[in-house]
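Just so you know, ligand 1 is whichever comes first in the structure, and atom 1 is the first atom listed for that ligand.
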Amino acid sequence: MKNTCFLSAALLTAILAALPFPAASAQDPPGTNYDESRVGTFELPDPFLCRDGTKVTTPEEWKQKRRGELLTLFQRDMYGVMPTADCARLASKFLDEKTVFDGKAVQRQVVLYLNAPEKTPKMNLLIYLPANAQGPAAAILAPNFMGNPTVSDDPDIIVPEVPDATRTKIGEPVQRGAKKSRWAIEKILERGYALITVYYEEIDPDYDDQRQNGVHPLFHAWEDKHNIPKQSRGATITAWAWGLSRALDYLQTLPEIDPAKVAVMGHSRLGKTALWAAACDERFAASISNDSGCGGAALTRRNFGETIASMHDMIPWWFCPKYATFVADPNLLPFDQHELIALIAPRPVYIASASEDLWADPKGEFLSALGADPVYRLLGTDGLAGVTEQPPVNTPVGGTIHYHVRSGDHDVTDYDWEQYLNFLDKYVRGK
Ligand code: GCU
């Protein structure tokens with residue numbers, strides 16, 4: 001039996017290797033392009049070209065004019081308007097704390113109420129602090145996909161509750177430690193960083209409910225007051241990013257954490273979120289996007305892997321309704337994703353791809369980094385540090401903008417974390 005499986009797998013591998021370009025996977029909608037020769041030509045918007053036709057030539061013009069203009073466009077046409085912090089009434093409650101990893105770290109649980117004194121919506125923060133830190137630690141805030149208990153085997157990690165759990169990932173029985181391979185917790189702590197995670201569906205459940213659950217109700221009065229058009233109201237990625245900013249509000253009050261050194265990190269849809277969170281909230285010291293793909297780091301104008309049309313079919317609630325008007329022709333978007341990266345400048349940003357994760361378009365992710373490079377350089381940093389070609393697998397490159405394509409599939413591995421920690425050491429902690 002075993003041998004039969006092995007043979008058929010080998011045969012399949014041989015057939016796939018003989019194809020002129022990688023085959024589509026089962027999830028891919030018909031027509032998904034994986035052929036580089038069929039990407040077509042497109043012109044990327046010039047990040048320096050302002051709406052009034054003038055061009056940015058100085059850091060001041062970028063900061064005072066163009067950055068705000070681009071942020072407004074991304075809010076209007078793609079993610080929706082980011083509500084202000086005062087839509088929340090924050091209160092925190094300490095739940096428990098213990099030492100873990102042979103005394104090397106403290107594991108703490110805190111619940112953050114977002115509409116106190118109401119008990120919902122709320123976020124359970126799982127906080128790891130390095131035990132022997134010399135002063136406040138740099139930190140990584142990284143939301144998780146399946147619930148806090150899935151990042152570690154620890155039996156005391158609280159299982160989150162979400163509205164209508166049958167429709168969210170938490171509706172499935174939570175398997176403690178099921179995703180721990182994606183969380184190099186001990187390594188992160190050994191390197192002196194604090195790690196904070198939160199289950200993303202506690203912020204906003206990941207299905208279309210017409211913006212009625214999660215944190216969305218907290219936005220409605222503010223959106224009405226500011227006459228935000230329905231077409232441009234903050235969608236789910238904005239809700240997740242807003243929740244991460246509220247977590248940051250809280251983290252900045254902790255004496256164990258350096259408030260100026262909190263990086264935001266996310267994988268896949270949460271990589272899109274990590275980029276948008278850092279673009280909107282300049283308190284994030286850095287952003288790390290792992291395999292974020294279309295709607296994240298990858299260029300939208302490149303017809304390769306996931307497209308705005310497939311996102312519209314499968315996950316329209318992540319974006320505001322106005323985004324759907326660009327499905328027919330993404331070239332009409334007044335920006336592309338290199339300008340999302342540019343919104344994070346001059347703060348350090350890491351964009352990571354995986355060689356087999358073609359759905360996320362590794363090359364499009366690299367080209368986005370390259371497209372943001374002029375803005376990083378105008379602002380006095382080294383950007384991609386002179387790199388102009390996508391590097392071979394497992395070869396991290398760049399400076400303030402860093403990039404790698406790891407061998408393998410859509411995932412977060414120890415290799416990825418190793419690179420992120422090296423990067424944060426250099427660009428956030430200045431070691
Ligand atoms: C789907 C979706 C991607 C997303 C990914 C994920 O594949 O099409 O855009 O990044 O899910 O978040 O896991």
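- Gln390 has its side chain within reach of Pro362: a pair of non-hydrogen atoms, C-beta onward, lies under 4.5 Å apart.
- Ring centroids of Phe319 and His312 are separated by 6.0 Å or more, keeping the two rings apart.
- Between Glu186 and Arg191, no side-chain nitrogen of the basic residue sits less than 4.0 Å from a carboxylate oxygen of the acidic one, so the salt-bridge criterion is not met.
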Given salt bridge (Lys or Arg N to Asp or Glu O under 4.0 Å), test Glu365 with Arg302 step by step and report yes or no. CA-CA 10 Å; Glu365 295 183 311; Arg302 254 175 70 83; over 6 Å; no
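- Residue Trp318 touches ligand 1 through its side chain alone, judged by heavy-atom distances below 4.0 Å.
- For a threshold of 3.5 Å applied to N or O pairs, the pair formed by Trp359 and ligand 1 contains at least one separation below that value.
- Those atoms of ligand 1 with a heavy atom of Ser268 less than 4.0 angstrom away are 4 (C), 5 (C), 6 (C), 10 (O), 12 (O), 13 (O).
- Within the listing of ligand 1, atoms 2 (C), 3 (C), 8 (O), 9 (O) sit less than 4.0 angstrom from a heavy atom of Glu306.
- Using a 4.0 Å cut-off between charged side-chain N and carboxylate O, Arg108 and Asp96 make no salt bridge.
- Taking every non-hydrogen atom of His410 and a distance limit under 4.0 Å, the qualifying atoms of ligand 1 come out as 13 (O).
- Within the listing of ligand 1, atoms 5 (C), 6 (C), 10 (O), 11 (O), 12 (O), 13 (O) sit less than 4.0 angstrom from a heavy atom of Arg269.
- Arg167 has no carboxylate O lying under 4.0 Å from a charged side-chain N of Asp209, or vice versa, which leaves the two without a salt bridge.
- Near Lys272, meaning under 4.0 Å from any of its heavy atoms, are these atoms of ligand 1: 3 (C), 4 (C), 9 (O), 10 (O).
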